[in-house]
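Below: the structure, in structure tokens.
These values consider heavy atoms only, across backbone and side chains, with no hydrogens, waters or symmetry-generated copies.
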Amino acid sequence: MVSVIFPAAGQGKRMQAGINKVLLTLGGEPILTRTLKTFSAVEEVGELIVVVAADEVTAVERQLQKVAGLKPFKVAAGGSERQYSIYNGLQRVADTADVVLVHDAARPLVTVKTIQAVIDSARAKGGAIAAVPAKNTIKVVDKDGLVESTPPRSTLWEVQTPQGFRKDILLKANEQALQDNFLGTDDASLVERIGVPVAVVNSDYRNIKVTTPEDLLIAEAFLQCTAAEEASTLQAAASEARQAWLEEEHK
């Protein structure tokens, strides 16, 4: 069984909305709800663990209880850092879970295809992350603002979520980080430092994290494009079916 932890305890200051950004609406639906519904559509996912600020736990629980179609969920209080929030979520993971995914609650456009690919890779290799090849040239810059080097773009990937790991690996990595007082930039960085290889799963450039007001506009545009593409595909399928029916009738 797969358990999914959704960190959503950040203050979201860059969004300047005055509320937790995952409670903002996207396409008429809260970002958090949209994200959880996508994961609930994945058969192997058995539970959802949402980690929010301590003073938001009750309100988020009440809101999610009204949402139809969600897998069983828990709401936990977060910590002072994202990493500590993940660790708090890990304490709530069911004993029957063998794989744990961590996904930014503010990435509502993730696809079922990407989620399943990360699950499969994590189960086979121990750890896996969703990512896309870097589009831009990246420079390594020193403290004086001077370029030190230009890494080959073919070796660079922009990391997203979900990131998935066998449960024992992720728990060991977090406990080691706590013991060493180490703060990583993402969950994979904790796993990497205990010597476990992490595989990259090719994701989608639309799987953006909604952090600023501009991101919300981009996500709305992506959502509309996806809806239009799905409608076009449905229309084409209906047209093909109708044409096949007409040809059969005139035989």
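The two residues Asn88 and Ala77 come nearest to each other via the heavy atoms ND2-O, 3.0 Å. When every heavy atom of Ser3 is checked against every heavy atom of Ile49, the shortest pair comes out as OG-CD1, 3.6 Å. Of all heavy-atom pairs between Leu109 and Asn207, the closest is C-OD1, 4.4 Å. The two residues Gly28 and Thr25 come nearest to each other via the heavy atoms C-CB, 4.3 Å. In terms of heavy atoms, Ala128 sits closest to Val201 at CB-CG2, 4.2 Å. A pairwise comparison of heavy atoms in Leu24 and Leu216 identifies CD1-CD2, 4.5 Å as the closest pair.
Between the side chain of Asp144 and the backbone N or O of Leu146, no donor-acceptor pair lies under 3.5 Å. No donor-acceptor distance shorter than 3.5 angstrom exists from the side chain of Glu192 to the backbone of Asp187, with no hydrogens or angles considered. In this structure, the side chain of Ser189 engages the main chain of Asp186 through a donor-acceptor pair within 3.5 Å. In this structure, the side chain of Glu44 does not engage the main chain of Ile119 through any donor-acceptor pair within 3.5 Å. In terms of modelled atom types and a separation under 3.5 Å, the side chain of Lys21 and the main chain of Ala106 share no donor-acceptor contact. Checked by atom type and distance alone, the side chain of Tyr87 never pairs as donor or acceptor with a backbone atom of Arg82 at under 3.5 Å. Put simply, the side chain of Thr38 gets close to the backbone of Arg34: a donor and an acceptor are under 3.5 Å apart. Listed for the Gln160 side chain is no donor-acceptor partner under 3.5 Å among the backbone atoms of His103. Proximity of a side-chain donor or acceptor of Ser85 to a complementary backbone N or O of Gly79 within less than 3.5 Å is detected.
Within the 4.5 Å cutoff, the side chain of Pro133 has heavy atoms near those of the Tyr205 side chain. Using a 4.5 Å cut-off on side-chain heavy atoms (C-beta onward), Val140 and Val147 make no contact. For the pair Arg153/Asn136, no side-chain contact is recorded, criterion being any heavy-atom separation below 4.5 Å from C-beta on. Between Val118 and Ile129, every side-chain heavy-atom pair lies at or beyond the 4.5 Å cut-off. Ile5 is not listed as a side-chain neighbour of Leu101, based on a closest heavy-atom distance of 4.5 Å or more. You'll find the side chain of Phe165 stays beyond 4.5 Å of the side chain of Val196, heavy atoms only. In this structure the side chain of Phe73 never reaches within 4.5 angstrom of the side chain of Leu36, judged on heavy atoms. When side chains are defined from C-beta on, Thr137 counts as touching Lys139, because their heavy atoms get closer than 4.5 Å.
Atoms CG and CD, on Leu178 and Gln83 in that order, are 6.5 Å from each other to the nearest 0.5 Å. Between the CG atom of Leu64 and the OG1 atom of Thr33 there is a distance of 6.0 Å, given to the nearest 0.5 Å. Taken from CD in Glu61 to CD in Glu56, the straight-line distance is 12.0 Å, to the nearest 0.5 Å. We find the CG-CG distance between Leu26 and Leu217 to be 10.5 Å, quoted to the nearest 0.5 Å. The CD atom of Gln176 sits 11.0 Å away from atom CZ of Phe182, with the distance rounded to the nearest 0.5 Å.
By the rule that hydrophobic residues join a cluster once side-chain heavy atoms approach within less than 4.5 Å of another member, Val22 and Val4 end up as members of one cluster. Under the 4.5 Å side-chain contact rule for hydrophobic residues, Leu32 and Val112 share a cluster. Cluster membership for Leu156 and Val200, using ILVMFWY side-chain heavy atoms within less than 4.5 angstrom, is not shared. Under a hydrophobic clustering in which Ile, Leu, Val, Met, Phe, Trp and Tyr are joined whenever their side-chain heavy atoms come within less than 4.5 Å, directly or via other members, Val132 and Val159 fall into different clusters. In terms of hydrophobic clustering, with Ile, Leu, Val, Met, Phe, Trp and Tyr side chains grouped at heavy-atom distances under 4.5 Å, Leu183 and Val198 are assigned to a common cluster.
The side-chain hydrogen bond (donor to acceptor under 3.5 Å, both in side chains) test with Asp98 is passed by exactly one of Lys167, Arg166, Arg123: Arg123. No option in Ile194, Val191, Leu190 other than Leu190 meets the side-chain contact (heavy atoms from CB on, under 4.5 Å) test with Asn174.
Atom CG of Asp95 is surrounded by 12 or fewer heavy atoms from other residues, nucleotides or ligands within 6.0 Å. Around NZ of Lys172, the count of heavy atoms belonging to other residues, nucleotides or ligands within 6.0 Å does not exceed 12.
Salt bridge present: Glu29 and Lys37 bring a charged side-chain N and a carboxylate O closer than 4.0 Å. For the pair Arg107 and Asp215, the salt-bridge criterion is not met [side-chain N within less than 4.0 Å of a carboxylate O]. A salt bridge links Arg193 with Asp180: the distance from a Lys NZ or Arg NE/NH1/NH2 to an Asp or Glu carboxylate oxygen falls below 4.0 Å. The pair Glu47-Lys74 meets the salt-bridge criterion, since a charged nitrogen lies less than 4.0 angstrom from a carboxylate oxygen.
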Tell me, with the steps shown, if Leu48 and Phe39 meet side-chain contact (heavy atoms from CB on, under 4.5 Å).
CA-CA 8 Å; Leu48 315 172; Phe39 279 83; 4.2 Å; yes

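A donor atom on one side chain and an acceptor atom on the other are not found under 3.5 Å apart for Gln163 and Thr161. Side-chain contact of Gln116 with Glu43: a donor-acceptor pair under 3.5 Å is absent, judged by distance alone.
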